[in-house]
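Some notes on the structure that comes next.
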Amino acid sequence: MSNDFWVKTGQEHIMKNVGRLPLVLTRGEGSRVWDADGKEYIDFLTGISVNNFGHCNPDITVALTRQAEKIIHVSNYFYLEEQIKVAEELAKLTGYSQVYFANSGAEVNEAALKLARKYGKVRLGGKYQIVTAQHSFHGRTYGAISATGQPKYQENFKPIVPGFVYAEFNNLDSWKAAINDETCAIMLELVQGEGGVNPAEPHFISGLIDLCRKNDLLFMVDEVQTGLGRTGKHFAYEHYGFMPDLITIAKSLGGGIPCGALLVNEKANVLTPGDHSTTVGGGGMAFAAALATLKLLQEPGLMASVVKKGQYIKETWGSWCNEVSAIKDLRGLGMMLALELKVPSKQVMLACLDAGLIVNAVTETTLRILPALNIEEDDLDEGLQIMKSVLKQF
Ligand SMILES: Cc1ncc(COP(=O)(O)O)c(C=O)c1O
């Protein structure tokens, strides 16, 4: 059946809750995917930083196949061997000794927000307010949209959860003003993803660390998009030389199988039996894929090559300035990168798609790329070449 046939059938039955593109992807391998008509695309988006080791990575596929024949789900009344191994591996990688597993970024952020409220109750005499950043994104559940400092995600769903205050990203005075006698925690992304790929300034983060220390606040970092190697370090907080009280991760952790994790230090370890839970919370398939993913992530030289490829992309973009007039600016960290355009990013994204390249219009004027961390140099060059020729037309 053709791409058009599947799109039409899909449109009849699948809710229009997102602006889905009229494209049915049927197969993927490494940094390439094919649609239902057999057209080939280079993928610079990796399912929004989920397929970070390429589509159908053989190590992940083998782990999944073996696990499917062994055990898939046991409920949260029991442990799974693979779950314990992932917890152990994450503890070794980060230094956080306690983990809670769930199925998505939004879900682990919900857990973090509940944890912050409990911390305020039991450690700070009932303080409950959480300060988050303007232009942030923390997911689509109620707590997560309430933490998200972008009115467009909240508008149709009011009233949202009370107790959130939004401060300006990279403006310490704004956070000082937002923190008051009711504040128990702050939460932010170190590179804002959906807000347009905005890295935090180091002096801003050191100021926030001081504020949290002085006021006994929990410093919560959402690493759902930045974590697991995306920025050229295993976790973005490593760029800033500190360890938050808790982090949340998801996206690539389960290699495409839903899995999220909330990792906490001693100070934040306040949840007790009955406080929070989920039926599946990752599950056998996700944990098997996570073990394979964490092994791939720790391959010697991988982080150095992410840094190198990220620099190469930025230099390549920079070298187009005489031929491409649509570019205003470029920014990002590691392989979480964006071009700020003088033209509508959606039009560029659609033209790229037409030319066989998947990129993302993350804001009206920002074009984001999140290529596989292990993308082959040839695929990277071919994708960049397509981007250049498309951008030259604008
Ligand atoms: C920083 C951040 N937090 C949370 C989420 C929500 O994750 P999920 O879509 O898995 O619920 C996202 C998703 O893009 C994200 O980028």
Side-chain angles (χ1 to χ4, degrees), residues 15 17-20 44-52 100-116 130 132-150 152-154 157 160-161 164 166 169 185-200 205 219-231 235-237 239-240 244 246-263 278 280-283 286 289-290 293 332-338 358-363 366 368-370:
M15 275 196 204
N17 57 308
V18 290
R20 229 179 279 275
F44 271 11
L45 189 59
T46 53
I48 323 182
S49 201
V50 170
N51 306 116
N52 279 0
Y100 163 77
F101 290 113
N103 306 294
S104 66
E107 264 189 71
V108 281
N109 282 340
E110 287 292 328
L113 297 171
K114 279 178 70 180
L115 184 154
I130 300 170
T132 65
Q134 290 164 7
H135 303 295
S136 56
F137 183 80
H138 298 294
R140 301 293 197 130
T141 50
Y142 254 106
I145 59 165
S146 308
T148 292
Q150 297 198 59
K152 70 175 179 186
Y153 293 110
Q154 303 171 347
F157 310 103
I160 56 167
V161 179
F164 289 91
Y166 313 106
F169 194 63
I186 66 166
M187 174 154 146
L188 76 162
E189 302 148 86
L190 294 173
V191 183
Q192 293 188 321
E194 304 308 298
V197 190
N198 311 311
I205 298 303
F219 197 134
M220 312 199 288
V221 170
D222 180 341
E223 292 254 13
V224 168
Q225 192 161 147
T226 52
L228 301 170
R230 175 52 61 192
T231 66
F235 300 93
Y237 65 77
H239 290 285
Y240 298 87
L246 69 78
I247 62 165
T248 53
I249 56 174
K251 288 203 186 272
S252 72
L253 179 61
I257 308 296
C259 193
L262 160 66
L263 296 150
T278 169
V280 177
T293 299
L333 204 55
M335 289 174 80
M336 182 171 175
L337 296 167
I358 299 178
V359 291
N360 169 243
V362 69
T363 75
T366 311
R368 170 178 60 171
I369 65 163
L370 300 160

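Note that ligands are numbered from 1 as they come in the structure, with each ligand's atoms numbered from 1 the same way.
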Polar pairs, ligand 1 vs protein, N/O only, below 3.5 Å.
| unit_1 | atom_1 | unit_2 | atom_2 | d |
| --- | --- | --- | --- | --- |
| ligand 1 | 3 (N) | Phe137 | O | 3.4 |
| ligand 1 | 3 (N) | Asp222 | OD1 | 3.3 |
| ligand 1 | 3 (N) | Asp222 | OD2 | 2.7 |
| ligand 1 | 10 (O) | Gly105 | N | 2.8 |
| ligand 1 | 11 (O) | Gly105 | N | 3.4 |
| ligand 1 | 11 (O) | Ala106 | N | 2.8 |
| ligand 1 | 14 (O) | Lys251 | NZ | 3.0 |
| ligand 1 | 16 (O) | Gln225 | NE2 | 2.8 |

When you check the side-chain N and O atoms of His138 and Thr132, is any donor under 3.5 Å from an acceptor? no
Smallest heavy-atom separation, Ala133 atom then Phe169 atom, equals CB-CD1, 4.0 Å
Take Phe44 and Asn360 through the side chain to side chain contact (heavy atoms under 4.5 Å, CB included) test and state the conclusion after the steps. CA-CA 8 Å; Phe44 271 11; Asn360 169 243; over 6 Å; no
Between Glu194 and Gln225, does any side-chain donor sit less than 3.5 Å from a side-chain acceptor? yes
Assess the pair Phe157 and Tyr142: is the distance between their ring centroids shorter than 6.0 Å? no
Does any N or O in the side chain of Gln134 come within less than 3.5 Å of the main-chain N or O of Gln150, such that one atom is a donor and the other an acceptor? no
